[in-house]
Trainee: 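Pasting in a structure now, in structure tokens, and then I'll have a few things to ask.
In the text below, chain A, chain B and the rest are named by the order of the sequence lines, each starting its count at 1.
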Amino acid sequence: MPYDFNNVEKKWQDNWNNNKSFEAKTDNSKQKFFCLEMFPYPSGALHMGHIRNYSIGDVLARFHRKNNKNVIYTIGFDSFGMPAENAAIKYKTKPHDWTLKNIDYMTQQLKRMGYSYDWNREAITCLPEYYKWNQWFFLQMYKKGLVYQKEAPVNWCDTCGTVLATVTKKNLKQWFIKITDYAQELLSDIDKKLDPGWPKRVRIMQTNWIGRSEGARLKFNVPDLNYDIEAFTTRFDTIYGVTFIALAPEHELVKIMRDKLNHDDAEKLNEFVKKVTSQSSIERSDAKADKLGFKTPFYGIHPITGKKIPIWIANYILIDYGTGAIMGVPSGDQRDFDFCRKYNIPVIPVIKPEDGEIFDGDKMTQAYEEYGIVCNSGEFDGLKTEDAIKIMIDWGEKNGYCKREINFKLRDWLISRQRYWGTPIPFVYCDHCGVVPVPEDQLPVRLPEDVEVKEVGHSPLLDLPDWLNTTCPKCGGHARREADTMDTFFCSSWYFDRYCSPHDDKAPFESNDVNYWMPVDQYIGGIEHACLHLIYARFFAKFLNDIGLTNFREPFTNLLTQGMVIKDGAKMSKSLGNTVDPTEIVNKYGADTVRLFILFAAPPNNDLEWSERSVEGANRFLGRVWRLVEDNLENLKAHNKIVPIDEIQSPDAKEFKRKIHDTIINVTRDIKEEKQFNTAIARLMELANAIYSFNENDDTANNLKREAVDVLLNCLSPFCPHITEELWEMLGHEKYLCDENWPCADEKSLVRDSVMIVVQINGKVRGKISCQANLSKENLEAEILNDPDVKKRLDGKNILKIISVPDKLVNIVVK
RNA sequence: GCGGAGGUGGCGAAAUGGCAGACGCGCUAGACUUAGGAUCUAGUGUCUUACGGCGUAGGGGUUCAAGUCCCCUCUUCCGCACCA
């Protein structure tokens, strides 16, 4: 009978389910393994990227279960977010209904793949049981002083009055979390705790994202305005080279200056600021873009020389880095240099190359940004840059000119979304008391589900007076709910903790459970989350530890970032129209085939080129495995004795036995250490080939074949769990294969008594000679030199040197 | 520009400094077949009739031995990119 994957796969999915094969239970006496995949957004259907991600995870979960680990492995849905609102408009439905329908469908798809999830632990973030705890965490952060409100720009569409990725910017009061309080630890732990469990690439991306730089903060007094401009610099050693001060157009001093100007000048300034701030962030942050400046009539006093330094406003100064103002040193900074040449601002060289002359400020064609020797800087002349930075800041601090400071690129976490489909932020605005947190016993602040999302306009929450109007928890007077909802990264920052105690209704989770299961032993997902999600989740872990809920500060010990699924040279995506629907392929070939293909075609880190031809190849292999058992079933069933290696006479049979155990070693290493599933599968194909071509037929041989088939099925089962269970059962095993221990290699069977020695002459392969194994170097050399072929080749030549690697190779150097 | 990862047959890919191309796809030939897009067998880097030579982006180096280590160049992909 050919392999009927439809019935077989369904049968085993039911069996596992009825048997509760994959249920995880907290048990402190067992070693745990937390296998986690980035949970999907319920966009409608699974795509191949999901299939790849989850097939990798399932192999690891099943493998570790077989190796006596207490495995927790489950899934959920990251189910808040904008697409649900867009879909609600498009399909005239409600985000809630659309989302739950998609979750239903995708759940069916996941089950059809045979992933060994503990479905009891599923977490769905858009349900109040889950998002209640988002609100609770937010309040805990508020209590710790980590939550604040601040005006911040959003992209505002004037015509439709909604937040969109176009048109103008508008300032709104928004909620932030002070993730920057954790910047240093987030950075330090990258080296301390994530190396080597995380890919170097991700560690570097996070390091850059956090962007630490050391320097000093200094002040320029502006006498006319009675104001101190603060600036941050990493090159305090170039302080004598300052020829201008530049402010970001958004700097608060700009408004102060404008108010001091006459009408015409104020207009000009306004015009400039308007022009520059209306540039898109892409335009403004392009290093090649034109630098635009506006010279104000004001000046600041150089803290050391006392000189008057003109103040400019410039588009290349960013308000949200450092202080939003810089000391301009054109001789040492290319950006400042470009700016000065454009606006004829003088250039004073303050660093010269170690073996060069002092530059001529008027003739320099570019800034000198390298380290060198300090010049034109009074008493500091002659210092090397590396020393000067330290010495000059020390001196500056002592004399009150500057203060050491460390700056990060990492920004605080903007939580507010002017959107409906998200976790309501648990605050109210009271007419008397101001901004008031919702008391914890009143959580969750429920998101109304029965709402219509309209194409134009603001969040539908603003149209629900019953929801919006409430009473102040403090004074009982009238209050209005915060209508902003939370960034969905909030949901995804702790869902894995929830997996550990999914049904807790008294707390987000039980510390006992979380402390047992966490941290995650293996996290698997796409590289696109390298910075945001993975940094937010790390921050959350540190915060939860700070408030005493957990005993760990990093959530993910090991991270695997799988490559994209490619078709026709481009990432599979709806917009490119090059997607392949997993359901179609599963219907055609079965889940085991799809899993096998996707794991075999490339190592997990590489991009994977979709090829239906190769899918057929995977399917063909499973057919071979099926027939291997079915065509020999009676014979295999009748021979289930393990024959020890020393009872085997025939060399071929010995070699076959060795192959079986060699396979166990290699497959185990490939899965466990290398996570190279493609090579693990290749080994299993080799074993299958070896079984087919082993054509001895006595009792020993038949017992060996049975041993080989058992190993093959067991080792293949994490990849292709259904077909292997079925064949396992056909062979008469009573226990489910998923509960069976991973096979253990027999050391004695691995030993060879003869080995092929590669013979090289002057480094070129000139032959292979079979020798007894474990010969000493001397004996090996003697053996090889005695070989007639070798003798012939060496005839008349002078042997200069012999290199021998026991059991492997002999290289004879001759002249 | 800075940083990172790559470049191996027709293709996806293998190779603790020790036989380059395991395994698979494709292709060629054959077998079995009414049939073959099933299955099985054999072959498949390249030049050469052969012996053998040449081959891991290119060039140099270290070594008895280099895809692997070192230096330079080219190239592809990814991340960051006015971060003071």
Trainee: Could a donor-acceptor pair under 3.5 angstrom be found where the side chain of A:Lys291 meets the base of B:C82?
Mentor: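 Looking at the base of B:C82, it does pair with a donor or acceptor on the side chain of A:Lys291 (distance under 3.5 Å).
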
Trainee: Apply ring pair (Phe, Tyr, Trp, His ring centres under 6.0 Å) to the pair A:Tyr589 and A:Phe5, showing each step before the final yes or no.
Mentor: CA-CA 8 Å; A:Tyr589 300 99; A:Phe5 60 81; 7.9 Å; no

Trainee: Pick base, sugar-phosphate or nothing for A:Arg217, based on heavy-atom distances below 4.0 Å to the nucleic acid.
Mentor: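 A:Arg217: no heavy atom of the nucleic acid under 4.0 Å.
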
Trainee: With C1' as the reference atom in both, quote the distance from B:C27 to B:U76 in angstrom, rounded to an integer.
Mentor: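 Looking at atom C1' only, B:C27 and B:U76 are 28 Å apart.
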
Trainee: Please determine, for B:U34, whether a Watson-Crick or G-U wobble partner exists with both distances under 3.5 Å, and give it or none.
Mentor: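 Pair assignment: B:U34 / none.
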
Trainee: On the nucleotide B:A5, are OP1 or OP2 found under 4.0 Å from the side-chain N or O atoms that A:Lys200 carries?
Mentor: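 Affirmative; the distance criterion is met.
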
Trainee: If you measure from the P atom in B:C82 to the same atom in B:G6, how many Å do you get, rounded?
Mentor: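 Their P atoms lie roughly 28 Å apart.
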
Trainee: Closer than 4.0 angstrom, basic N to acidic O: yes or no for A:Glu609 and A:Lys567?
Mentor: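 Looking at A:Lys567 together with A:Glu609, the answer is no, because their closest N to O distance does not fall below 4.0 Å.
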
Trainee: Specify the separation, in whole Å, of atom CG of A:Asn678 and atom P of B:C25.
Mentor: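 It works out to 15 Å between those atoms.
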
Trainee: Which nucleotide, in any strand shown, forms a Watson-Crick or G-U wobble pair with B:U28, with both distances under 3.5 Å?
Mentor: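 B:A42 is the nucleotide pairing with B:U28.
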
Trainee: Starting at the 5' end of RNA chain B, which residue's closest nucleotide do you reach first, A:Arg627 or A:Phe600?
Mentor: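 In this pair, the answer is A:Phe600.
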
Trainee: Round to a whole Å and report the spacing from NZ of A:Lys588 to P of B:G37.
Mentor: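 Rounding to the nearest Å, NZ of A:Lys588 and P of B:G37 are 15 Å apart.
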
Trainee: Is any side-chain N or O of A:Arg620 closer than 4.0 Å to OP1 or OP2 of B:C23?
Mentor: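 Looking at the OP1 and OP2 atoms of B:C23, neither is under 4.0 Å from any side-chain N or O of A:Arg620.
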
Trainee: I want to verify the glycosidic state of B:G36; is it syn or anti under the 90° rule?
Mentor: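 With its glycosidic angle more than 90° from zero, B:G36 counts as anti.
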
Trainee: For the side chain of A:Lys768, counting heavy atoms from C-beta on, which of B:A13, B:G12, B:C19 is nearest?
Mentor: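 Nearest to the side-chain atoms of A:Lys768, counting from C-beta on, is B:C19.
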
Trainee: Looking only at atom C1', what distance separates B:U8 and B:U75, rounded to whole Å?
Mentor: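 These two C1' atoms come out 15 Å apart once rounded.
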
Trainee: If you take atom types as modelled and just measure distance, does the side chain of A:Asn811 reach the base of B:C64 with a donor-acceptor pair under 3.5 Å?
Mentor: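 Donor-acceptor pair under 3.5 Å: yes.
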
Trainee: In whole Å, measure the gap between the P atoms of B:C19 and B:G67 for me.
Mentor: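 To the nearest whole Å, 10 Å.
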
Trainee: May I ask you to evaluate whether A:Lys764 reaches the phosphate of B:G55, defined as a side-chain N or O under 4.0 Å from OP1 or OP2?
Mentor: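 No, no such contact exists.
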
Trainee: According to the Watson-Crick and G-U wobble definitions, with both distances under 3.5 Å, which nucleotide is paired to B:G17?
Mentor: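 By the stated definition (distances under 3.5 Å), nothing pairs with B:G17.
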
Trainee: Once you apply the 3.5 Å cut-off to both distances, tell me the Watson-Crick or G-U wobble partner of B:G55, or none.
Mentor: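 Answer to the pairing question: none, since B:G55 forms no Watson-Crick or G-U pair.
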
Trainee: Considering only the P atoms, how many Å lie between B:A22 and B:G43, rounded to the nearest integer?
Mentor: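 Taking atom P in both B:A22 and B:G43, they lie 12 Å apart.
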
Trainee: Looking at B:A84, B:A13, B:G26, which one has an atom nearest to any side-chain atom of A:Arg613?
Mentor: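 Of B:A84, B:A13, B:G26, B:G26 is nearest to the side chain of A:Arg613.
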
Trainee: How many Å lie between CD1 on A:Ile535 and P on B:G79, as a whole number?
Mentor: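 Interatomic distance, CD1 of A:Ile535 to P of B:G79: 16 Å.
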
Trainee: So, the side chain of A:Asp670 versus the backbone of A:Asn678: is there a donor-acceptor pair under 3.5 Å, distance only?
Mentor: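 No, A:Asp670 side chain to A:Asn678 backbone: no donor-acceptor pair under 3.5 Å.
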
Trainee: B:C40, OP1 or OP2 - any side-chain N/O from A:Arg624 closer than 4.0 Å?
Mentor: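 Checking B:C40 against A:Arg624, a side-chain N or O does come within under 4.0 Å of OP1 or OP2.
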
Trainee: Taking the P atom of each, how far is B:C80 from B:A13, in whole Å?
Mentor: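 Comparing P positions in B:C80 and B:A13 gives a spacing of 24 Å.
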
Trainee: Between the base of B:C64 and the side chain of A:Lys801, is there a donor-acceptor distance below 3.5 Å?
Mentor: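 When only heavy-atom distances are counted, A:Lys801 does not reach the base of B:C64 through any donor-acceptor pair under 3.5 Å.
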
Trainee: Of the candidate nucleotides B:G53, B:C78, B:G12, which contains the atom at the shortest distance from the side chain of A:Arg201?
Mentor: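 Of the candidates, B:C78 comes closest.
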
Trainee: For A:Asn689 and for A:Gly763, locate the closest nucleotide of RNA chain B by heavy-atom distance; then report the residue assigned to the nucleotide nearer the 5' terminus.
Mentor: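 Looking at the nearest nucleotide for each, A:Asn689 comes out on the 5' side.
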
Trainee: For the pair A:Tyr536 and A:Trp413, name the ring-plane relationship: parallel under 30°, tilted 30 to 60°, perpendicular over 60°.
Mentor: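 Parallel: the ring planes of A:Tyr536 and A:Trp413 meet at under 30°.
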
Trainee: Nearest to the side chain of A:Met205, heavy atoms from C-beta on, is which of B:G18, B:A15, B:G79?
Mentor: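 Shortest atom-to-atom distance from the side chain points to B:G79.
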
Trainee: Under a 4.0 Å threshold between the charged nitrogen and the carboxylate oxygen, would A:Glu214 count as salt-bridged to A:Arg212?
Mentor: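 Salt bridge: yes.
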
Trainee: Between B:G18, B:G24, B:C19, spot the one nearest the side chain of A:Lys808, thanks.
Mentor: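 Among the listed nucleotides, the one closest to the side chain of A:Lys808 is B:G18.
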
Trainee: Taking only Lys NZ, Arg NE, NH1 and NH2, and the carboxylate oxygens of Asp or Glu, determine whether A:Lys588 and A:Glu612 approach each other closer than 4.0 Å.
Mentor: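 A:Glu612 and A:Lys588: salt-bridged.
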
Trainee: Pick the C1' atom in B:C51 and in B:U56, then give their distance to the nearest Å.
Mentor: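 Taking atom C1' in both B:C51 and B:U56, they lie 26 Å apart.
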
Trainee: Using a strict 4.0 Å threshold on nitrogen-to-oxygen distance, state whether A:Arg683 and A:Glu686 make a salt bridge.
Mentor: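 Counted as a salt bridge, because a side-chain N and a carboxylate O are separated by less than 4.0 Å.
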
Trainee: State the pairing partner of B:C77; accept Watson-Crick or G-U wobble contacts with both distances under 3.5 Å, and report none otherwise.
Mentor: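 B:C77 is paired with B:G4.
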
Trainee: A:Asn606 CG to B:C78 P: how many Å, rounded?
Mentor: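 After rounding, the gap between these two atoms is 15 Å.
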
Trainee: Roughly how many Å apart are B:C74 and B:A57, using the C1' atom of each and rounding to a whole number?
Mentor: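 Pairwise C1' distance, B:A57 against B:C74, rounds to 7 Å.
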
